[in-house]
There are 2 protein chains.
Amino acid sequence: MHKVKYAHMNRGVCEVALGDAILACLTERPMTGYELAKTFDASIGFFWKADHQQIYRELSRLRDRGHIRGREVVQSGKPNKLVYTLTSEGRAALKHWAARPSSPPSIKDDLLVRLYALDCIDIEPLRADLMARLEHHRDRFGRYERILKKRFPDGTAAPADAGKLLALHIGLRHERVVAEWCEEALDRLSSISTRTNVQPLEDSQRENKG
Amino acid sequence: MHKVKYAHMNRGVCEVALGDAILACLTERPMTGYELAKTFDASIGFFWKADHQQIYRELSRLRDRGHIRGREVVQSGKPNKLVYTLTSEGRAALKHWAARPSSPPSIKDDLLVRLYALDCIDIEPLRADLMARLEHHRDRFGRYERILKKRFPDGTAAPADAGKLLALHIGLRHERVVAEWCEEALDRLSSISTRTNVQPLEDSQRENKG
DNA sequence: CGACTTTTTCGTGTTACGGTAAAGAACTGG
DNA sequence: CCAGTTCTTTACCGTAACACGAAAAAGTCG
């Protein structure tokens with residue numbers, strides 16, 4: 001008859017990582033929700049983006065759980081802000097979370113679905129989309145490179161930052177790879193559309209004959 | 001001056017693609033929910049997985065919208081099944097969806113968050129996790145290769161299948177790349193743990209003074 | 001008969017995520 | 001001073017995603 005509201009042990013399987021991503025972000029330094037919301041410190045935000053409402057909501061939840069503590073900092077010229085710091089429980093929770101096996105995420109990229117259904121869709125918007133994405137990923141690649149150069153000018157990191165450098169490397173690699181497959185897709189698209197024109201799309205209307 | 005926002009009018013219709021992924025899957029051939037749930041035809045399911053309840057719920061929704069039509073097939077020896085076919089509205093909807101710009105997804109891989117917070121977590125479980133993931137992605141790579149060999153033995157596809165071949169190529173590349181960065185991470189992890197031991201973690205207990 | 005497979009469906013809860021909005025403070029500028 | 005902007009936080013709402021737990025209907029196998 002006792003109802004478990006916050007079932008700490010119930011979260012055995014859930015992989016929720018928005019909260020944990022925030023915790024991870026706060027391991028580096030205390031931050032405000034506003035700051036977190038802007039960029040996630042130009043780091044975790046790269047592979048885990050969330051808008052400010054999500055951040056704030058998650059911050060309240062984490063505070064309720066005692067994983068972080070907010071200290072109000074009175075500012076002049078600006079509204080007071082809440083700087084959140086990891087508590088020792090928060091660190092323990094992060095550690096505990098990190099010790100559980102992760103499950104591989106799906107790619108879930110709309111573009112792949114579109115490519116899969118290539119023969120049923122219009123290729124021009126797809127091409128435009130691919131080009132936009134190519135630019136996007138190239139852009140990100142450039143940003144990562146700049147951050148890498150600025151934060152780790154000699155390519156090495158202190159032991160405490162080794163993971164951050166590694167994550168950055170992986171992010172860099174990821175952007176490069178996605179940009180590459182965008183290029184490949186554009187390439188194929190060109191060779192396809194030169195060989196066969198936009199297909200007549202009449203066949204889809206045939207089955208109306210019930 | 002007001003800022004120019006990228007104002008494509010998002011009419012509340014979701015960017016979500018589970019439904020669209022199913023539509024895309026059904027472009028190839030009619031399938032039952034059971035079949036879809038099992039593997040998504042060993043194709044789209046690679047980058048978009050969902051359990052059978054999700055599939056069935058989405059199928060009902062698509063049927064309600066008139067995007068697919070279910071035909072009951074009487075079987076002997078097994079319960080009757082509902083084979084779903086794309087309607088012309090479904091094709092049109094897919095086409096329409098595919099013509100909208102997509103937004104790049106975040107990576108959202110727990111492993112990256114853990115790497116980012118590397119100095120705050122235990123490395124042994126992380127290492128085990130990385131090894132499991134490495135194996136997983138290698139396995140997937142092998143499966144993709146086998147499918148590729150079986151479905152496109154000469155490396156080329158009919159125009160109607162060009163997109164599927166391309167998507168498969170991308171999936172293949174993705175698995176290879178993720179496996180590679182798992183290897184890199186494991187490598188770094190080894191060199192780190194030989195240099196510095198597991199850190200003493202006492203500093204996190206200091207702030208208990210409240 | 002019971003156990004199992006195939007196929008479909010329902011219910012319930014939690015999280016995620018996006019939009020719209022607002023509220024309070026202090027500075028900026030006409 | 002009023003209007004607007006930046007900074008900072010918060011609330012409400014809706015839908016999608018996802019996980020967990022069941023179960024029903026029909027037929028096979030032991």
Below 3.5 Å is the cut-off: list the nitrogen or oxygen pairs between protein and nucleotides 10-13 of chain D, distance only.
unit_1, atom_1, unit_2, atom_2, d
D/dT10, O4, A/H52, NE2, 3.4

* Structure fact -> Hits for salt bridge (Lys or Arg N to Asp or Glu O under 4.0 Å) against B/R173, two or more places apart or cross-chain, chain-then-number order -> A/E180, A/E184

* Asked: For the side chain of A/Y34, counting heavy atoms from C-beta on, which of C/dT7, C/dA16, D/dT9 is nearest?
  -> D/dT9

* Interatomic distance where CD belongs to A/E72 and C1' belongs to D/dT8 [whole Å] -> 11 Å

* What is the distance from CD1 of A/I68 to P of D/dT9, rounded to the nearest Å? -> 11 Å

* Could you go through the side-chain contact (heavy atoms from CB on, under 4.5 Å) check for A/R114 and B/W97 one step at a time? => CA-CA 9 Å; A/R114 285 163 208 210; B/W97 167 78; 3.6 Å; yes

* Shortest non-hydrogen separation from A/A185 to A/L115 and the atoms involved -> CB-CD1, 4.3 Å

* Side-chain donor/acceptor of B/S102 to backbone N/O of A/D110, under 3.5 Å -> no

* To do: Calculate the interatomic distance between A/D51 atom CG and C/dA21 atom C1'; express it in whole Å.
  => 14 Å

* **Which residues share a side chain to side chain donor-acceptor pair (under 3.5 Å) with B/Q53, sequence neighbours left out** => none

* Rounded to the nearest Å, what distance is computed from the CG atom of residue A/L18 to the C1' atom of nucleotide C/dG18? -> 13 Å

* **Within 6.0 angstrom of B/E145 CD, more than 12 heavy atoms from elsewhere** => yes

* Structure fact -> Atom CG of A/D20 and atom C1' of C/dA16 are separated, to the nearest Å, by 14 Å

* Whole-Å distance separating the NZ atom of A/K108 from the P atom of D/dA16 -> 13 Å

* Structure fact -> Assign each of B/R61 and A/V83 the nucleotide of DNA chain D bearing its closest heavy atom; nearer the 5' end lies the nucleotide of A/V83

* Evaluate salt bridge (Lys or Arg N to Asp or Glu O under 4.0 Å) for A/R127 paired with A/E124, printing each intermediate quantity in order. => CA-CA 5 Å; A/R127 189 197 307 276; A/E124 275 318 314; 3.3 Å; yes

* Look at the side-chain N and O atoms of A/Q54 and state whether any lies under 4.0 Å from the OP1 or OP2 oxygen of C/dA16. => no

* **Length of the line joining B/D110:CG and C/dA16:P, which is rounded to integer Å** => 11 Å

* Structure fact -> Rounded to whole Å, the CE-C1' distance (B/M31 to C/dT7) equals 14 Å

